[in-house]
Amino acid sequence: MLSDIEIAQRANMKNVFEIGRKMGIADRDLEPYGHYKAKIGEGVFEKLKDKEDGKLILVTAVNPTPAGEGKTTISIGLGQAMNKIGKNTIVALREPSLGPVFGIKGGAAGGGYSQVVPMEDINLHFTGDMHAITAANNLMCAMLDNHIQQGNVENIDQRQILVKRCLDMNDRALRNIVCSLGGRLNGIPREDHFCITVASEVMAILCLADDIFDLKRRLGNILVAYRYDGSPVYCRDIKAEGAMTVLLKDAIKPNLVQTLENTPVIVHGGPFANIAHGCNSVRATKIALKLGDYAVTEAGFGSDLGAEKFFDIKCRYAGLKPSCVVLVATARSLKYNGGVPKDELTKENLEAVKEGSANLGAHIDNLKKFGVPVVVAVNHFKKDTDSEIEIIKNFCAEKGVECSVAKCFAEGGEGGRDLAEKVVAACEKENNFHFLYDLDMDVYEKIRLIAREIYGADGCHFPKETRKAIDGFVKLGADKLPVCMAKTQYSLSDNPALLGRPKGFKIAINAANLSNGAGFLVLQTGNIMTLPGLPKTPAAYNIDIDEDGNTVGLF
């Protein structure tokens with residue numbers, strides 16, 4: 001079989017205007033970036049504001065493993081399959097970050113014959129959204145430091161600056177730095193920090209904003225620092241939100257592309273679910289619901305992170321009601337959770353599949369707590385055996401959920417027909433969607449509830465400094481906000497080494513931050529970091545230009 005990039009480079013793409021017309025978008029309402037990608041103009045939102053929404057399908061997964069589960073591949077393949085069975089379906093996905101592309105995880109445009117194209121553009125600079133978000137965030141930081149340098153009218157305490165500079169790259173050397181060295185003209189020296197762009201509050205705000213004016217309001221509400229008297233300083237106090245909004249005036253418009261089978265895809269926004277809320281933009285999802293009878297979207301990593309935040313943060317703020325959840329699992333992921341090393345996952349091991357099914361069971365139980373019908377999609381790999389697949393099917397039957405073996409990677413939409421039919425049927429089932437917690441609940445109880453009900457923890461540990469920070473944010477009104485847990489994606493616990501369905505552990509809440517503009521309180525658990533580093537052998541080693549000028553090694 002050809003590599004992902006070879007398949008993508010041989011794609012028979014249609015001009016983006018043709019894709020737009022297929023969706024009912026007039027040419028004048030698209031702002032093209034070349035032949036195959038475009039921004040969706042504001043006119044589309046206005047014209048469709050009164051149209052009835054389609055049905056919303058969320059794709060999530062079990063805890064990710066080094067073998068990869070292919071959640072985005074299933075999302076894309078399902079969208080293609082839904083159209084094959086005659087259902088007008090739009091896919092809405094997150095934008096890839098350059099950090100994983102050049103790091104270890106790779107791109108985020110699907111794989112095999114279920115990809116979004118042009119894959120190279122999407123995985124790299126795309127339409128410049130990531131750069132605009134980076135620039136807006138760093139403008140805010142520059143204006144904050146300049147305010148202090150130019151007289152500090154707001155009496156900002158430089159020891160209590162809360163916002164970080166960012167870049168869309170894995171660079172551990174910039175996590176903790178000292179800035180403004182070199183003398184008086186270069187500012188007042190202080191400790192500073194970087195996070196990856198997808199972990200920045202500006203990214204979260206872009207993805208939750210209703211429109212450009214809501215975006216500006218939210219940017220102005222960013223808590224940037226404290227004064228010497230302990231009072232809060234917001235972005236609006238340093239007069240940065242207007243210029244930041246101008247930098248983001250194009251980035252807030254969703255991007256239109258297509259799959260290998262010319263199914264329309266809206267790709268917009270890209271917060272990570274392990275360190276942010278993990279969903280594509282509200283605007284992308286809402287316009288997909290207006291343009292299609294069905295909208296397929298996804299939330300990052302496992303359901304313990306992405307799906308929980310999709311429901312409790314995104315759906316709450318955007319007024320969304322999912323009709324069905326697709327839970328992606330693989331025989332390999334269950335074997336890994338059953339104790340099989342990565343280099344032995346292609347060998348049949350029925351006992352390990354049975355043992356690892358506990359992780360799948362935890363995610364099924366989690367999703368049922370939100371009252372939405374669940375369909376398990378087993379992403380099929382070439383060396384999976386019939387006996388392994390049968391164990392998974394029987395397990396799902398025991399848990400009372402539908403199960404479909406999807407071959408979207410090798411067969412594209414055709415390989416997802418059965419999944420598509422089961423998803424359509426699930427969308428017609430009784431739906432009692434509800435949030436896990438009420439916003440009026442005590443903030444500590446919200447945290448404990450997520451830890452107990454979603455992670456399976458016995459409780460939480462709050463160090464003194466964390467409690468002090470949370471109590472300070474509560475005084476600013478954060479007690480009425482949703483909570484966003486920053487946690488390892490590899491385990492239901494905060495310890496990546498605890499696989500399967502761990503028991504007898506507590507979640508360590510080691511830090512707290514207030515994303516006041518985005519509208520949630522962020523709790524950092526375990527040893528989670530907001531700026532990853534490159535691995536010993538980064539993917540960048542294999543990415544190059546060949547003698548014909550073609551990109552190679554990108555996946």
Side-chain angles (χ1 to χ4, degrees), residues 1 4 59-74 100 103-106 111-112 273-274 300-307 326-367 376-399 401 403-410 415 455-457 487-505 526-527 535-537 539 555:
M1 184 169 169
D4 287 355
V59 180
T60 186
V62 297
N63 290 105
T65 69
E69 283 59 59
K71 173 162 51 62
T72 305
T73 300
I74 292 296
I104 191 169
K105 183 177 177 290
N274 60 342
F301 297 124
S303 76
D304 55 318
L305 289 172
V326 176
L327 176 62
V328 179
T330 65
R332 301 193 307 179
S333 69
L334 301 191
K335 283 186 280 189
Y336 186 82
N337 274 283
V340 175
K342 179 182 176 181
D343 57 0
E344 296 180 17
L345 292 176
T346 56
K347 300 176 183 176
E348 183 180 78
N349 190 323
L350 304 184
E351 288 305 311
V353 173
K354 292 177 183 177
E355 183 73 19
S357 292
N359 185 263
L360 173 60
H363 290 280
I364 292 172
D365 292 343
N366 284 349
L367 294 170
V376 172
V378 181
N379 188 12
H380 186 270
F381 285 77
K382 187 176 180 180
K383 293 192 177 180
D384 293 347
T385 68
D386 292 341
S387 298
E388 290 174 335
I389 297 298
E390 195 63 27
I391 290 172
I392 301 173
K393 285 182 175 180
N394 291 337
F395 180 82
C396 290
E398 291 172 6
K399 298 294 289 185
V401 297
C403 178
S404 177
V405 179
K407 299 183 178 180
C408 303
F409 181 88
Y455 308 154
K487 181 183 75 69
T488 178
Q489 65 269 36
Y490 298 114
S491 170
L492 288 164
S493 75
D494 56 2
N495 180 353
L498 295 181
L499 303 178
R501 191 171 191 169
K503 298 182 183 299
F505 66 93
N527 295 318
K536 187 175 182 179
T537 307
F555 64 96

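Since this is a predicted model, take the numbers as computed values, not measurements.
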Could you tell me whether [X] atom [atom1] has more than 12 heavy atoms of other residues or ligands within 6.0 Å of it?
X	atom1	answer
Ile104	CD1	no
Asn527	CG	no
Tyr490	OH	no
Asp343	CG	yes

- Message: My understanding is that only one of Leu498, Leu499, Asn359, Val62 makes a side chain to side chain contact (heavy atoms under 4.5 Å, CB included) with Leu492; could you say which?
- Response: Asn359
[atom2] on [Y] to [atom1] on [X], rounded to 0.5 Å:
X	Y	atom1	atom2	answer
Phe505	Asn495	CZ	CG	9.5 Å
Leu334	Leu350	CG	CG	12.0 Å
Cys396	Leu360	SG	CG	5.0 Å
Ile392	Lys354	CD1	NZ	12.5 Å

Taking all heavy atoms of [X] and all of [Y], pick out the closest pair and write down the distance.
X	Y	value
Pro66	Tyr336	CD-CZ, 3.5 Å
Lys71	Gly300	NZ-CA, 3.8 Å
Val326	Ala377	CG1-CB, 3.7 Å
Ala307	Thr60	CB-OG1, 3.7 Å
Glu388	Glu348	OE2-CA, 3.1 Å

- Item | The single option from Asn274, Thr65, Asp304 passing side chain to side chain donor-acceptor pair (under 3.5 Å) against Gln489 | Asn274
- Message: Within the structure provided, determine whether Asn63 and His363 are in side-chain contact (heavy-atom separation under 4.5 Å).
- Response: yes
- Beyond-backbone contact of Thr488 with Phe301, side-chain heavy atoms, under 4.5 angstrom: no
Please enumerate all residues that pass side chain to side chain contact (heavy atoms under 4.5 Å, CB included) together with [X], with sequence neighbours excluded.
X	result
Thr330	Glu69, Arg332, Ser333, Asn379, Phe381
Asp365	Lys399, Arg501
Lys393	Ile389, Glu390, Cys403, Val405

- Query: Have Ser491 and Ser493 got a donor and an acceptor in their side chains that come within less than 3.5 Å?
  - Reply: yes
Just by distance, do the side chain of [X] and the backbone of [Y] share a donor-acceptor pair under 3.5 Å?
X	Y	answer
Lys335	Leu345	yes
Glu344	Pro341	no
Thr73	Gly111	yes
Glu355	Asn337	no

